[in-house]
J.: 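Shown below is the structure under consideration.
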Amino acid sequence: MTRTWLVRLAPAALGLVLGVLALGPALGPGFALRYDMVFVPGPEFSARMFGLDGTLPRAVPSDAVVTLLSQVVPAEPVQKGLLLAIFALAAAGAAALVPGGLAARLAAAAFYAWTSYLAQRLLLGQWALLLGYAGLPWAVRAASRDGFRRLVVALVPAAVGGFAAMLVTGLAVACVSAFGGLRRFLLALLALLVMALPWLVPALLSPAGTDPRGVRAFAPRADTPFGALGSLLSLGGIWNAEAGVPGQSAWPLAAARLLLSLAAIWAFTRLTRRSRPVRLARALPVRLARALPVRLARARPQAVHDGPDRADAVREGPRRGPGRDAGPAGDGTWAGAGAAAWAPGLALAAAAGLGIALLGAYAPGAVEWLVGAWAGFGPLRDGQVYVAPLALLEAVGFGALAARFAAPPRTPRTPRTPRTPRTPRTPRTPEAPDGRKAREAAIARGFAFAALPVIVLPTFALGAFGTLGAARYPGEWSRVREIVDGDPAPGALVSLPWTAYRGFPWNGGRVVLDPAVKFFRRQVVWNDALRVTDAASGRVIEVGGEDPLARRVAAALHGPGPLVPALREAGIRYLLITRQEGANSNTFPSRLSGGRPIHVGRELALYRVEGPLDLPRMSSLISLVTPVWFITVSITIWSMAGSSSSLVPLRSLRRARP
Amino acid sequence: MVRVFAALFVGAILAWGTSVAVVNLASPTPNPPNKPLYNYGTR
């Protein structure tokens with residue numbers, strides 16, 4: 001049993017080790033603050049965390065969950081735990097999809113937990129999206145099997161991540177479940193809907209819009225010498241050059257990553273050799289138009305293939321059945337095709353995700369037209385996020401590749417194909433009795449495979465060589481928070497200077513979203529318009545903000561004359577000025593006659609707008625959001641209590657042989 | 001023997017690539033301008 005536990009937990013342990021290696025200095029005392037990753041000490045619940053402040057709910061419910069956890073454990077370990085959990089969950093999930101031996105599972109785990117995708121999104125601070133990435137293998141596995149509760153539980157990481165995480169996961173889950181019959185597909189959609197409600201309802205009712213100019217700003221770009229297509233196939237291609245892993249564009253390593261990715265895709269297609277479901281996937285998207293309606297027309301969940309044994313294998317999933325026991329055959333195909341019931345859907349999701357990304361890279365005009373026609377297409381503008389299913393596909397393929405090369409010779413070895421006219425492979429047969437030595441060599445090869453993803457992206461280690469780090473907020477921030485949150489009078493706070501991102505000296509100059517956005521319980525108005533520099537042309541792309549109140553405040557700030565009357569009309573109670581070298585901190589105070597300085601320190605200056613404010617009407621959203629949260633939380637608890645499956649497959653452990 | 005040579009070749013390529021990346025990283029490069037206020041990023 002001990003050995004079984006070790007084998008089962010090895011991928012998660014490997015993920016944890018890789019997480020420690022990747023985060024490096026970010027695990028030190030303080031918070032890892034970079035771009036969109038803003039954690040604050042002692043966070044408190046605010047309307048923004050529930051999408052009630054009129055902006056698009058991009059941090060719903062991730063910030064609320066962090067705040068909830070921070071009521072029990074300090075926020076610093078909460079952040080570190082979440083970041084490490086991403087690596088462990090991702091590695092264990094990818095390994096769970098590979099029904100091979102330890103070598104194959106470790107290889108898949110390492111591949112999935114050490115991709116350019118994960119590295120770049122982490123360096124852009126999008127930890128909430130990465131929760132969805134980490135939960136993706138579990139969601140894919142659950143979507144290929146019956147059980148609403150099982151799927152709900154598997155969707156928890158993505159649901160915590162929120163908006164972007166659920167969109168990526170939803171793509172994969174919808175594709176995978178579509179191959180399991182109409183009932184499973186509809187149940188999957190229901191599970192996705194339930195888990196998306198906390199951000200979906202505020203998003204649909206939000207007055208915020210999406211600027212089509214964001215399409216060109218956030219389109220995937222080439223970050224290797226192999227163009228956007230090569231970069232995306234290598235799982236990179238993020239729009240922001242600042243989020244690149246140092247040295248990632250050096251062509252030897254870029255070429256090695258691309259080769260590894262292509263080999264993994266090839267190995268995944270090899271799985272189709274003896275597996276009809278995957279053969280179906282190989283024919284996609286050509287057969288999609290024909291195959292999908294056939295699948296949807298079947299009311300009863302059924303495997304893609306025929307025969308009761310295969311259908312049982314699919315229902316039980318990769319933990320049982322011939323696929324699980326036998327693992328990939330020596331030639332890199334599934335010995336039991338039932339294990340790959342999710343494969344066609346994953347292939348479809350990977351193709352669709354890659355298609356979305358390529359559309360943004362090569363035909364941004366089409367995406368612009370879509371976003372312009374309906375703001376609901378706004379999430380398509382950052383197309384590279386949808387490459388996550390391809391990353392999972394490649395990880396599985398890489399695991400199969402490892403199984404192919406690291407499989408110990410079997411005795412007696414069956415011929416690969418009956419058509420081989422030659423005599424059995426005699427050269428290997430004499431070694432077979434010495435099984436232990438062969439097994440050790442196979443394990444060594446397996447570990448070598450597991451090291452390959454790290455070798456081809458070495459500079460992701462140590463917080464991408466210092467790109468990530470940890471820093472503590474100066475004490476002044478907490479003192480200002482006491483003043484602002486201690487004031488019972490209503491009114492919002494405006495954070496100045498009027499840009500979204502800062503480079504604090506105490507954070508090592510790392511660029512980070514203005515922490516004021518998350519520091520206060522009171523509503524914070526900040527400039528959510530984004531400026532992206534196009535390195536090729538040198539011009540700055542301005543992507544309009546989404547918050548109507550921010551636009552109103554911006555008009556007042558950019559206009560002439562005293563600020564206070566305009567701020568009063570906008571319902572602003574406080575002005576917070578981050579005093580930074582290089583920023584003209586005197587601009588605003590000179591226009592603040594009528595504003596009373598409450599705190600003027602080395603880092604921050606706080607002004608109060610005295611007098612009566614024109615307060616905006618309370619959002620009616622709260623009457624909708626409360627029941628929505630109740631529904632999602634209740635169904636999640638019900639699913640966790642009743643599901644026989646969880647992210648840690650305990651039932652499988654009990655069933656496993658000692 | 002062919003496998004050994006293939007492994008050596010691949011290993012050499014990877015070692016070279018890794019060292020190039022690390023040396024590039026460690027070599028002195030011009031610091032970015034000390035801008036306290038930043039754009040969201042650079043394409």
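Just so it is clear: chains get the letters A, B, ... in the order the sequence lines come, proteins before strands, and each one is counted from 1. Only a predicted model underlies this, so the values are computations on that prediction, with no experimental measurement involved.
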J.: Take A/V532 and B/R43 through the test side-chain contact (heavy atoms from CB on, under 4.5 Å) and record every step on the way to the result.
T.: CA-CA 7 Å; A/V532 175; B/R43 284 185 57 78; 3.7 Å; yes
J.: Checking A/L452 against chain B: side chain, backbone, both or neither under 4.5 Å from a heavy atom?
T.: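 Looking at A/L452, just its side chain touches chain B.
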J.: Working to the nearest 0.5 Å, report the span between CG of A/D36 and OH of B/Y40.
T.: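 A/D36 CG to B/Y40 OH: 3.5 Å, rounded to 0.5 Å.
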J.: Taking all non-hydrogen atoms of both residues, which atom of A/A535 and which atom of B/T42 are closest, and how far apart?
T.: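 Scanning both residues completely, I find the closest heavy atoms to be CB-CG2, 3.8 Å.
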J.: Heavy atoms only, distances under 4.5 angstrom: which of A/Y35, A/F218, A/W239 has the most pairs with chain B? Name it, please.
T.: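 If we count pairs closer than 4.5 Å to chain B, A/W239 comes out on top.
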J.: Under a 4.5 Å heavy-atom cut-off, does chain B meet the side chain of A/A219, its backbone, both or neither?
T.: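 Both parts, heavy atoms under 4.5 Å.
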J.: Got a sec, which residues hit side chain to side chain contact (heavy atoms under 4.5 Å, CB included) with A/D211, two or more places apart in sequence or on another chain?
T.: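 In terms of side chain to side chain contact (heavy atoms under 4.5 Å, CB included), with neighbours along the sequence ignored, A/D211 is linked to A/R213, A/V543.
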J.: Is it the backbone or the side chain of A/R216 that comes under 4.5 Å from a heavy atom of chain B, or both, or neither?
T.: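 For A/R216, the backbone is the part near chain B, not the side chain.
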J.: Work out which heavy atom in B/N39 is nearest to a heavy atom in A/V511; give both atom names and the distance.
T.: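 Closest heavy-atom pair between B/N39 and A/V511: O-CG1, 4.3 Å.
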J.: Less than 4.5 Å to any heavy atom of chain B: does that hold for the side chain of A/D223, its backbone, both, or neither?
T.: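 Neither part, no heavy atoms under 4.5 Å.
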